[in-house]
Amino acid sequence: MKRAVYPGTFDPVTNGHLEIIERAARIFDELIVAVTDSSGKSPFFTLDERYRFLVECTEKMGRVKVMKFSGLLVSFCQSVGASVIVRGLREPNDFLREYQMALMNRLQSDGEIETVFLAASTSYHFVSSSLIREVAQLGGRIDKLVPEVVSKAFQERLRG
Ligand code: COA
């Protein structure tokens, strides 16, 4: 069984992430979407909220499971028996950091864990979670860029 992990902070999950999840789930036997606490990034949504959004958005997708993790990504992959990390590339600027992380993760796992890159569809090249947070907090429209559960969560949070 080929099990892969798609890791991220997902603060919040966007339609760009979901597009990568759908495509990766067609390639592997099981895809674990791994949401990390990322305390260094001071996330807007709590880990439990980010986890819940992902569960709701992916519950109808076969072969997708959502899990939380903290610490080293490679250790998490080993603990769930995954040999592949999936990452989305939106534009050339993503490449350098992704390349560095892929090599570091390969080294940390003694070559056992490979990273596979999927090219994000052009409709989502400009989307990032921080841009979504900024626009939403300033009252802008994000409904075409995030799943419904996320736009509702922003509305509730901003209503106070
Ligand atoms: N569609 C939309 N947005 C996307 C996207 C896509 N396909 N791909 C990436 N993004 C966005 C993310 O939402 C995020 O936005 P933001 O920075 O504005 O909030 C940004 O691009 C960066 O995403 P990413 O590189 O995935 O960062 P991340 O924080 O979500 O994930 C980890 C990074 C969690 C994978 C990495 O920090 C990690 O592995 N941490 C564990 C500790 C560890 O092992 N460290 C050593 C790694 S070598």
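The chain is numbered in sequence order, starting from 1. When a ligand or atom number is given, it counts from 1 through the structure's own listing order.
- Contacts with ligand 1 closer than 4.0 Å are made by no heavy atom of Q100, backbone or side chain.
- Residue-to-ligand polar distances place R87 within reach of ligand 1: an N/O pair is separated by less than 3.5 Å.
- Heavy atoms of N105 approach ligand 1 to within less than 4.0 angstrom.
- Assignment of Q108 to the shell around ligand 1 is not supported, since no heavy atom sits closer than 4.0 Å.
- Distances shorter than 4.0 angstrom do not occur between any heavy atom of S75 and any atom of ligand 1.
- When hydrogens are left out, the protein atom nearest atom 4 (C) of ligand 1 is H17 NE2, 3.4 Å; that is the closest non-hydrogen contact.
- Atom 18 (O) of ligand 1 has its closest protein heavy atom at S130 OG, 2.4 Å.
- Remark: minimum distance from atom 17 (O) of ligand 1 to any protein heavy atom is reached at K41 NZ, 3.4 Å.
- Between R23 and E19, at least one side-chain N (NZ, or NE/NH1/NH2) sits under 4.0 Å from a carboxylate O, which counts as a salt bridge.
- Close contacts of ligand 1 with L72, meaning ligand atoms under 4.0 Å from a residue heavy atom, involve 43 (C), 44 (O).
- Among protein heavy atoms, atom 40 (N) of ligand 1 sits closest to F69 CZ, 4.6 Å.
- Contact annotation: for L73 versus ligand 1, heavy atoms closer than 4.0 Å belong to both the backbone and the side chain.
- Under the 4.0 angstrom criterion for non-hydrogen atoms, E19 is not in contact with ligand 1.
- Heavy atoms of T9 found under 4.0 angstrom from ligand 1 belong to the backbone as well as the side chain.
- At the top of the distance list for atom 34 (C) of ligand 1, counting protein heavy atoms only, stands T36 CG2, 3.6 Å.
- Residues F53 and F45 place their aromatic rings such that the two centres sit under 6.0 Å apart.
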